[in-house]
Amino acid sequence: MKDINELIEQRIKKLEELRQFGIEPFGGPFYAQDHASDILNKFGAYSKENLETNPSTCSLAGRIISMRDFGKAAFAHIQDITGKIQIYFKREILGEKQKLLKKLDIGDIIGLRGRLFRTKTNELTVEVEDFVLLTKSLRPLPEKWHGLRDIETRYRQRYVDLIVNPDVRKTFMKRGAIIKAIRDFLETNGFIEVETPMMQQIPGGATAKPFKTHHIALGIDLYLRIAPELFLKRLLVGGYERVYELNRNFRNEGISTKHNPEFTMLEFYVAYRDYNFLMSFTEELITYVANKTIGTLKIPYGDTMIDLTPPWPRIPMFDALIQNNFPSEILNDREKAKIWAEEHGIEIKDSVSLSKILDEIFKEIVEPQLIQPTFITDYPIELSPLAKRKSQDSNLVERFELFIASQEIANAFSELNDPIDQRERFLKQIEEKNIGDEEAQNMDEDFIRALEYGMPPAAGEGIGIDRLVMVLSNSQSIRDVILFPQLKPEQ
RNA sequence: GGGCCGCUAGCUCAGUAGGUAGAGCACCGCCCUUUUAAGGCGGGUGUGGUUGGUUCGAAUCCAACGCGGCUCACCA
């Protein structure tokens, strides 16, 4: 941060000179009446003559992002949250104040009022009648054509990325719109938003390694939540019928283009429904969000087009395997399945169960092909300790995952509400943990106690918001949809 | 964590038989009242990621380390 160079020194000098003129370079409030894009939209149809005969004034606040100074006149563009607009400084109008332009730099934030006109090239422009410096910028912005390309700097200094890369702004605006649309949809369908603990004594509700922290006054270790699931289901016991939480989860895993240690998850629960209901509901939710935020169900992703038009195929997991040439006769044969996997280049650890082997094979041979939205249903019970068994086959659970663009977007199931079965499943997890599965789930006695009071039959779902935003914004890396992705410390 | 690639001016990038570095934009000075990659004249502003090594001499060759990207592993 101490890399004071000549460019910064020059700007500090200008700042001091401005103070000598009695101008405060870090000013107070400025109540602009307008925004750049609003003006462009509102007056876009007004001709040059029109603007001359009906003078229209405006006031704006924003950052100077370019400057073309002629001495007695100057053009600049200023940028606000909506976009940019050209402004024109003219000595005839500003008088002595025109000289202040010498002390302004690209990057400074100003407030101004002026009159709209069109230039020779017909660009709608604000002729500045008065302006005030609101903030002096001491660091030079990246140059105007190539902008800021360096990925590391873009992530570390997202503020600069946002100033100079309009697409980045758009993506994060879209992210905000997507989240708002999700809330709108859930609220209109009778869901109530809640907040449950992020710091948990027993991390549960997912298979993942947690972050550990410590509470000094209580003298206990706490874990950042890996999922809100067990608390949301306690709320079903408490009487909530439709409930959701849209917030951060934390998982102590590697970082990649698809994983950030903290990520945003929507979890929602519906009493008196099952996973079949949720599949239809998910189609409605995602198509609502897509229509609302991008206005179409046919969206580009990488070099393919994704068509979100429902209904989406619903394929049982085992069928999906068989359709991809996995021999159905060895679905129940751990040894042969393991051999098949290894013959297809999939590494399998010795201790791993049949279900996990099938899951590995699925990830390897099926998942990459699930470009268009697809529900994969009916997972093996060992993979789903919180899900309800299928009545026709007690080795399977009523669960689905939604895949789009080869990514798992949603995971949902009919919730297990039998406290006795739940206790057995937890005990099974503890066995797994003892064998060495770091991610196996923990016993949560209070959760079982809650179930013992009676949880209505219910279905619950988690949607990975970052990944959904990736798909809807055609982003190839999760870091492009998280404002401040986790990075190693700078030096 | 493994493999591969990258790190040179504020930004985007050049620069190998090894001879202490260059372009555009930005910036500084002067000129210019409709420009928009404004233009004209003049100016290079640098801890070459860091630390060592080889060498008379290193941005360049070697090693270690740091950070980033891609990829594999793990997951959502």
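Residue numbering restarts at 1 for every chain, and letters A, B, ... go by the order of the sequence lines. No hydrogens, no waters, no symmetry mates; every other heavy atom, side chains included, goes into these values.
Closest to the side chain of A/Leu148, out of B/C67, B/C32, B/U12, is B/U12. Here the side chain of A/Phe70 is nearest to one of B/C74, B/C67, B/U33, namely B/U33. Here the nucleotide nearest the side chain of A/Leu7, chosen from B/G10, B/C74, B/G68, is B/G10. Here the side chain of A/Lys90 is nearest to one of B/U34, B/U33, B/C70, namely B/U33.
Salt-bridge formation is not detected for the pair A/Lys388/A/Glu415: no Lys NZ or Arg NE/NH1/NH2 atom is positioned less than 4.0 Å from an Asp or Glu carboxylate oxygen.
Residues that satisfy the salt bridge (charged side-chain N to carboxylate O under 4.0 Å, His left out) test with A/Lys356, not counting sequence neighbours, are A/Asp437. With sequence neighbours excluded, no residue forms a salt bridge (charged side-chain N to carboxylate O under 4.0 Å, His left out) with A/Arg479.
Base engagement by A/Asp69 is indicated by at least one non-hydrogen atom pair under 4.0 Å involving a base atom. Residue contacts for A/Gly147: at a heavy-atom cut-off of 4.0 Å it reaches the sugar-phosphate backbone alone, with no base atom in range.
Contact between the side-chain N/O atoms of A/Lys14 and the OP1/OP2 oxygens of B/C28 is found at a separation under 4.0 Å. Neither OP1 nor OP2 of B/C11 sits under 4.0 Å from any side-chain N or O of A/Arg149. Using a 4.0 Å cut-off, some side-chain N or O of A/Arg479 falls inside it from OP1 or OP2 of B/G69. For A/Lys72, a side-chain nitrogen or oxygen approaches OP1 or OP2 of B/U33 to under 4.0 Å.
Heavy-atom contacts from other residues, nucleotides or ligands closer than 6.0 Å to CD of A/Glu195 number 12 or fewer.
For B/G10, its base never sits under 3.5 Å from the side chain of A/Glu143 at any donor and acceptor pair.
In this structure, A/Phe75 forms an aromatic stack with the base of B/U35, since both conditions hold: centre separation below 5.5 Å and plane angle below 30°.
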